[in-house]
Asks: 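Structure below; questions to follow.
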Amino acid sequence: MPESKVVESGPVSTGGVSHRPMFAVAAVLLGAFLSNFHGRLFSIGLPDLRGALALGFDEGAWLSTAATAPQIFIAPAVAWLATVFGIRRVLIGPSILYALVSLLIPLTRDYAALLTLNLVHGLLIGTFVPVTLMIIFRNLPMKWWVAAIAVYSFRVGFTQNFGVWAVGFYVEHPGWEWLYWQDIFLAPLMGLMVYLGTPHEPINRALLANADWGGMLLAGAGLAMLYAGIDQGNRLDWLTSGTVTSLLVAGGLLLIAFFINEAVVREPWAQPNVLFSRNIGLSLVVILLYSLTSLSNASLVPNFLTTIAQLRPEQTGPLLLACVAAPILALLPLTVYLLHRFDVRAVLYIGLAAFAIASLLGTSVSHDWSRGDFVPMLLLMSVGQAFSLVPLILIALANSDPARATSFAAYIQVMRLGGAEIGSALIATWLRVREQTHSNFLGQNVTSSDPEAVTRLNQLSAHFADHSAGLAPGRALGTLASLVQREANVLAYIDGFSLTFSLAIAALIFAACIGPSPAGPFTPAAGPAPTPAAKPVPEGA
């Protein structure tokens, strides 16, 4: 199979090599944790936040959207901002402001002020993950890249599962306010790690003079509107809602305008030609499918335990912590070892196959399943999380020019955030529609003429008659209806695991089409690669 052409485009993204790389890696880990934890907060802890802040269902839904849409608005442009202004300027100031906003949010009760603070909170946190990714490319020696990218990638699976435990712990013990107040300490600590771990860099005035501000605004606004439409779509019934339709159409038009802009401006900010390599395009497709497949762990399992087993986050958290988050940390050294010695595609196949087998096990769930029944599935998911995303990022990097990672990093952020949100909306809609379908089918067989249904009603009536004979028939009918709904939900989750299994198989098929990467720092058999040029970047680069 022929080698893919290495795509070289965009501004030079390398900076001064850090003399304290451990501090830089610590900054990567803290920034990634903060971002993913707050994504998990709104998927798991929103009911507790609504209760604590006295918000209605609709107000809570818009609060969640307001906290995430700004992240999507700013994230694609952050790599360019870091290239121009340097890591310290882009991250240290926002980390201090972020800590202040995190202090104020739990103290605020006015809804308009709360919404505004969450918008600012989301905008600031949207800088953390992209900048920490750029720390790897700009400031770490190339021999550190595989290990640092592994740390960056592992935060996805680790935080998804650690976050469930943390949300439950904070709500149950110190108080829900600490869901935000933890950042008063962690965000400045991240800023300190950045200061210690990255060199001072001058502003690249040549790039600043040719800034593609229009492209950044078009892409950010378009993606944020699409996200808001998708996030609210399931609640407002998609295209039957004028709000959702307007957001989706406007977002789509803005993205079309972005690609037109990138084709005509003299110095495009995120040239689409970074996607023209077959291996890069395929790896981004597999990243999207990985994001959708990993929802079997991130969404289906904890939601099943909440909806069917009636467990709270503090009860499901220890299971996810022990069976996914801890194994992911344990597998980190093994992943780095394998990537240094074997073809990254082989490691990727193992990860995607583990996801497929785990989802296949999930198609056997029943209402009798408790926490212990999920252990084999979750252990397989930990292998999937450990062995999938790191190889995908390395494949994409190996087929681009790592020294010009600004454009590539923009599209990585689009796939990272977009894939997760598309997947969450897809799973939520899929579960809702399948539950309605199964409820309809099951309900057709639960009629007054069905002997089994009549027998069950009589048994339930006799059970409730000991407490109140007059209310027994009504309570028996309500209980039977809830049992039907429970079974419809179980069948919907089985369909959900079937969907993620199909997505994992699709990811394996696309991954099998990825060809060998050019020799370089990420290919085990390659010799030492030349180190990218150090800062300062020449004017006009």
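Counting begins at 1 with the first residue of the sequence.
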Asks: Measure the shortest side-chain to side-chain distance between Pro391 and Leu394 over non-hydrogen atoms and say whether it is less than 4.5 angstrom.
Replies: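 With C-beta onward as the side chain, the pair stays apart.
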Asks: Considering all heavy atoms of both residues, which atom of Phe497 and which atom of Met381 are nearest to each other, and what is their separation?
Replies: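 Nearest pair, atom of Phe497 first, then Met381: CE2-CE, 4.4 Å.
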Asks: In sequence, state the C-alpha distance, the side-chain angles, and the governing distance for Thr65 and Gln232, and then conclude on side-chain hydrogen bond (donor to acceptor under 3.5 Å, both in side chains).
Replies: CA-CA 8 Å; Thr65 301; Gln232 294 292 324; 2.7 Å; yes
Asks: Got a donor-acceptor contact below 3.5 angstrom from the Thr363 side chain to the Leu360 backbone?
Replies: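 Yes; at least one donor-acceptor contact below 3.5 Å.
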Asks: Taking it one step at a time, do Trp80 and Trp213 satisfy ring pair (Phe, Tyr, Trp, His ring centres under 6.0 Å)?
Replies: CA-CA 11 Å; Trp80 185 90; Trp213 298 115; 5.4 Å; yes
Asks: Between Arg109 and Leu114, is a side chain to side chain contact (heavy atoms under 4.5 Å, CB included) present by the stated rule, with each step listed?
Replies: CA-CA 7 Å; Arg109 291 298 180 269; Leu114 191 63; over 6 Å; no
Asks: Are any side-chain N or O atoms of Thr127 and backbone N or O atoms of Leu124, one a donor and one an acceptor, separated by less than 3.5 Å?
Replies: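 Judged by distance alone, yes, a pair lies under 3.5 Å.
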Asks: Could you tell me whether the side chain of Phe73 reaches within less than 4.5 Å of the side chain of Met225, counting heavy atoms only?
Replies: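 They are not in contact (no side-chain heavy atoms under 4.5 Å apart), so the answer is no.
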Asks: Start with the C-alpha distance between Leu239 and Leu248, add both sets of side-chain angles, then the distance that settles side chain to side chain contact (heavy atoms under 4.5 Å, CB included), and finish with yes or no.
Replies: CA-CA 9 Å; Leu239 298 182; Leu248 295 177; 4.2 Å; yes
Asks: Roughly how far, to the nearest 0.5 Å, is the CG atom of Leu284 from the CD1 atom of Ile393?
Replies: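 Rounded to the nearest 0.5 Å, the CD1-CG separation comes out at 10.0 Å.
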Asks: Does the side chain to side chain contact (heavy atoms under 4.5 Å, CB included) test come out yes or no for Leu30 and Met193, once each step is laid out?
Replies: CA-CA 9 Å; Leu30 278 170; Met193 295 297 103; 4.2 Å; yes
Asks: Classify the angle between the aromatic ring planes of Phe304 and Tyr493 as parallel (below 30°), tilted (30 to 60°) or perpendicular (above 60°).
Replies: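 Judged by the thresholds at 30° and 60°, the geometry between Phe304 and Tyr493 is perpendicular.
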Asks: Let's go through Ile395 and Ile514 carefully: what are the C-alpha distance in whole Å and the side-chain angles of both, what is the deciding distance for side chain to side chain contact (heavy atoms under 4.5 Å, CB included) to 0.1 Å, and is it a yes or a no?
Replies: CA-CA 9 Å; Ile395 289 168; Ile514 297 175; 3.9 Å; yes
Asks: Would you confirm whether Asp110, through its side chain, and Ala113, through its main-chain N or O, come within 3.5 Å as a donor-acceptor pair?
Replies: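 Looks like yes, one N/O pair under 3.5 Å.
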Asks: For a 4.5 angstrom cut-off between non-hydrogen side-chain atoms, does Leu305 reach Phe374?
Replies: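 Result yes, sub-4.5 Å side-chain heavy-atom pair found.
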Asks: Would you say the side-chain atoms of Asn118 pair up with the backbone N or O of His121, donor to acceptor, closer than 3.5 Å?
Replies: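 No, the answer is negative, given that no donor and acceptor are paired below the 3.5 Å cut-off.
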Asks: Would you say the side-chain atoms of Ser64 pair up with the backbone N or O of Ala61, donor to acceptor, closer than 3.5 Å?
Replies: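 No, Ser64 side chain to Ala61 backbone: no donor-acceptor pair under 3.5 Å.
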Asks: Starting at CG of Leu217, measure out to CG of Leu254 and round the result to the nearest 0.5 Å.
Replies: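 One finds 10.0 Å between CG of Leu217 and CG of Leu254.
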Asks: Please determine, by modelled atom types, if His367 and Asn489 share a side-chain donor-acceptor pair under 3.5 angstrom.
Replies: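 No, no side-chain donor-acceptor contact under 3.5 Å.
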Asks: Any side-chain to backbone donor/acceptor pair from Asp237 onto Gly233? Under 3.5 Å, distance only.
Replies: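 No.
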Asks: So does Gly215 get a backbone contact from the side chain of Asp212, meaning a donor-acceptor N/O pair under 3.5 Å?
Replies: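 Such a contact is found between Asp212 side chain and Gly215 backbone.
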Asks: Nearest 0.5 angstrom please: Ser95 OG to Leu186 CG, how far?
Replies: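 Separation between the atoms: 11.5 Å.
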Asks: Does a donor on one side chain sit under 3.5 Å from an acceptor on the other, for Trp238 and Thr245?
Replies: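 Their side chains do not contain a donor-acceptor pair, so the 3.5 Å distance test is not met.
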Asks: Aromatic ring centroids of Phe128 and Tyr98 under 6.0 Å?
Replies: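 Yes, the ring of Phe128 comes within the 6.0 Å limit of the ring of Tyr98, centre to centre.
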Asks: Under 3.5 Å, side chain of Trp430 to main-chain N/O of Asp495, donor-acceptor pair present?
Replies: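 Pair found, side chain donor or acceptor close to backbone of Asp495.
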Asks: Please say whether more than 12 non-hydrogen atoms of neighbouring residues, nucleotides or ligands are located less than 6.0 Å from CZ in Phe510.
Replies: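 Incorrect, the count does not exceed 12.
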Asks: Would you call Leu361 and Leu380 a side-chain contact if the rule is heavy atoms closer than 4.5 Å?
Replies: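 Yes - at least one pair of side-chain heavy atoms lies under 4.5 Å apart.
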Asks: State, without any angle test, whether Asn303 and Ser299 hold a side-chain donor-acceptor pair at a distance under 3.5 Å.
Replies: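 Their side chains do contain a donor-acceptor pair, which is all the 3.5 Å distance test asks for.
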Asks: Using only atom types and a distance under 3.5 Å, with no angle test, would you say the side chain of Arg88 pairs donor to acceptor with the backbone of Phe85?
Replies: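 No.
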Asks: Within the structure provided, determine whether Phe501 and Phe355 are in side-chain contact (heavy-atom separation under 4.5 Å).
Replies: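 A side-chain contact under 4.5 Å is absent here.
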Asks: Tell me yes or no: between the side chains of Ser439 and Glu435, is some donor less than 3.5 Å from an acceptor?
Replies: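 Side-chain D/A pair, Ser439 to Glu435: present.
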Asks: So Ile505 and Ile509, do their side chains get closer than 4.5 Å, heavy atoms only?
Replies: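 Yes, side chains in contact.
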Asks: Over all heavy atoms of both residues, which pair between Leu352 and Ala504 is shortest? Give the atoms and the distance, please.
Replies: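 So the minimum-distance heavy-atom pair works out to O-CB, 4.1 Å.
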Asks: Which atom names give the shortest non-hydrogen contact between Leu63 and Tyr111, and what distance separates them?
Replies: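 Closest heavy-atom pair between Leu63 and Tyr111: N-OH, 4.0 Å.
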Asks: Would you indicate whether the side-chain heavy atoms of Leu218 and Leu255 approach each other to under 4.5 Å?
Replies: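 A side-chain contact is absent here, since even the closest heavy-atom pair is not under 4.5 Å.
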Asks: Which atom names give the shortest non-hydrogen contact between Ile92 and Gly191, and what distance separates them?
Replies: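 Looking at all heavy atoms of both residues, the closest pair is CG1-O, 3.7 Å.
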Asks: Has Asn261 got a side-chain atom pairing as donor or acceptor with Ala257's backbone, closer than 3.5 angstrom?
Replies: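 Answer holds: no.
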Asks: Identify the two heavy atoms, one from Asp183 and one from Ser102, that lie closest to each other, and give their separation to 0.1 Å.
Replies: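 Taking Asp183 first and Ser102 second, the nearest heavy atoms are CB-OG, 3.5 Å.
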Asks: Which atom pair, heavy atoms only, marks the closest approach of Val194 to Ala27?
Replies: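 In terms of heavy atoms, the two residues are closest at CG2-CB, 3.7 Å.
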Asks: Any heavy-atom pair between the side chains of Glu267 and Leu207 that's under 4.5 Å?
Replies: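 They are not in contact (no side-chain heavy atoms under 4.5 Å apart), so the answer is no.
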